[in-house]
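First up is the structure itself, then whatever we jot down about it.
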Amino acid sequence: YKHYPSVFNLDKQAIIYVPTNLPHPSREADNHFEKLTSNLSSLLRFSSGGSLILCTSNEHVVNISKYLNDASSINNNIYTQGEKSVAYLSSKFKEDISSILVGSGSFFTGFSIEGKSLDKVILTKLPYPVPDDPYVEIISQGYEKNDIHKYFIYPMMLVKLEQGLGRLIRSNSDYGFI
C-alpha cells in the first residue's frame, strides 16, 4: 500500500463527520443499524445535493433502501443497486441532483459524478473484507493471526475506504460531506 498526496484541497473541499454514538457493527449489529438509520435523515438534509450511501453488504443495501423508502421524512428519489443496471442508476442519479443512491461493491470504485449531484458520501461501516474471504486466506498463508490483520486486512480496508471517499471530490470545484 502506497499513499500518494491528493491533487485536491480536502481541507477546503470536504467536511468529515465521524459519529461517536454508533454501537459496534459486529458486536451489536441490530443496535448499529437502528442508530445508523435514525441518524440518516439529518445527514441527508445536511445539504441539498445528491447522496451516495456506501454499504459493505447487499443485505445492508436492501435494508437501508427499504428504510429510506418507508421513511416519511425522506422525499428524495432513491436508487438502489441491483434494481437496474449500474449505467442506468448512474445516469438517473447524475440527472437528479437531490437523489439518493444506495450501493456497495462497484460504487466504491469506478463511479464518478462531479458537482452537486453528489455532495454527500455516507459509509455505513468501515469496509473491512469479510473474515473468511478466500483471497485473504490465500495471500496470508503462513502468517500469524495478528499479523494477518496488520498486514492484510487493515491495509485492504484502508484502500477500499480511500476509494469510497474518493467518490466525493472528483474535481477542483467539488465540495461535500463525508
Side-chain angles (χ1 to χ4, degrees), residues 1-8 10 14-40 43-44 50-68 78-90 93 100-113 118 120-170 176-178:
Y1 179 74
K2 180 152 174 65
H3 178 77
Y4 296 95
S6 176
V7 296
F8 304 119
L10 298 178
I15 295 171
I16 299 172
Y17 167 69
V18 179
T20 58
N21 62 343
L22 292 179
H24 193 280
S26 295
R27 292 188 295 265
E28 299 178 66
D30 290 341
N31 291 336
H32 176 267
F33 186 79
E34 183 181 320
K35 191 72 168 176
L36 171 71
T37 53
S38 70
N39 288 324
L40 271 179
L43 293 174
L44 294 169
S51 304
L52 173 62
I53 300 176
L54 291 173
C55 303
T56 57
S57 71
N58 292 330
E59 180 184 5
H60 245 195
V61 169
V62 169
N63 291 338
I64 286 176
S65 292
K66 181 179 178 353
Y67 168 81
L68 293 172
I78 299 162
Y79 302 105
T80 304
Q81 184 177 7
E83 290 182 348
K84 301 275 184 177
S85 73
V86 171
Y88 176 84
L89 293 173
S90 299
F93 180 71
I100 301 167
L101 175 59
V102 185
S104 67
S106 62
F107 287 102
F108 274 86
T109 61
F111 177 72
S112 183
I113 303 287
L118 178 52
K120 290 176 291 305
V121 172
I122 299 170
L123 283 91
T124 60
K125 297 191 310 188
L126 289 174
Y128 280 100
V130 294
D132 57 351
D133 184 329
Y135 176 70
V136 173
E137 288 179 16
I138 289 171
I139 64 172
S140 64
Q141 286 180 354
Y143 282 82
E144 297 293 324
K145 190 171 184 173
N146 291 342
D147 289 340
I148 292 171
H149 188 273
K150 180 179 177 181
Y151 294 117
F152 298 97
I153 294 174
Y154 186 70
M156 289 172 75
M157 183 278 298
L158 288 177
V159 168
K160 192 162 186 174
L161 175 64
E162 197 167 45
Q163 290 170 337
L165 298 178
R167 302 308 94 213
L168 182 65
I169 307 298
R170 306 304 295 168
F177 171 81
I178 300 168

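Keep in mind that what you see is a predicted model, and the values were worked out from it rather than measured.
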- Message: Filter on side-chain hydrogen bond (donor to acceptor under 3.5 Å, both in side chains), then keep only pairs touching residues 17-37, sequence neighbours left out; what's left?
- Response: Glu28-Asn31

- Note on the structure: Residue pairs passing the side-chain hydrogen bond (donor to acceptor under 3.5 Å, both in side chains) test with at least one member in residues 133-155, sequence neighbours excluded, are none

- Query: Hey, does the Lys NZ or Arg CZ of Lys120 hover above the aromatic six-ring of Phe177, less than 6.0 Å from the centre and inside 45° of the axis?
  - Reply: no

- Decide yes or no on side-chain contact (heavy atoms from CB on, under 4.5 Å) for Ile53 and Leu68, but give the supporting numbers first. CA-CA 11 Å; Ile53 300 176; Leu68 293 172; 3.8 Å; yes

Do [X] and [Y] have side chains that approach each other closer than 4.5 Å (heavy atoms only, starting at C-beta)?
X: Leu36; Y: Ile64; value: yes
X: Gln81; Y: Phe107; value: yes
X: Ile178; Y: Ile15; value: no
X: Ser104; Y: Thr56; value: no
X: Leu165; Y: Ile16; value: no

Distance, nearest 0.5 Å, that separates [atom1] of [X] from [atom2] of [Y]:
X: Leu89; Y: Lys84; atom1: CG; atom2: NZ; value: 9.0 Å
X: Leu168; Y: Phe8; atom1: CG; atom2: CZ; value: 10.0 Å
X: Phe108; Y: Lys160; atom1: CZ; atom2: NZ; value: 5.0 Å
X: Arg167; Y: Glu162; atom1: CZ; atom2: CD; value: 10.5 Å

Taking all non-hydrogen atoms of both residues into account, name the closest pair between [X] and [Y] and its distance.
X: Ser106; Y: Val86; result: OG-CG2, 4.0 Å
X: Thr80; Y: Ser65; result: OG1-OG, 2.8 Å
X: Phe111; Y: Leu101; result: CZ-CD2, 3.5 Å
X: Leu44; Y: Ile100; result: CD1-CD1, 3.7 Å
X: Leu22; Y: Pro19; result: CD1-CG, 3.7 Å
X: Ser51; Y: Phe93; result: O-CE1, 3.3 Å

- So Phe33 and Asn63, side-chain contact (heavy atoms from CB on, under 4.5 Å) or not? Walk me through it. CA-CA 9 Å; Phe33 186 79; Asn63 291 338; 3.5 Å; yes

- Message: I need the single residue from Leu52, Leu54, Leu40 that forms a side chain to side chain contact (heavy atoms under 4.5 Å, CB included) with Ile122. Which is it?
- Response: Leu40

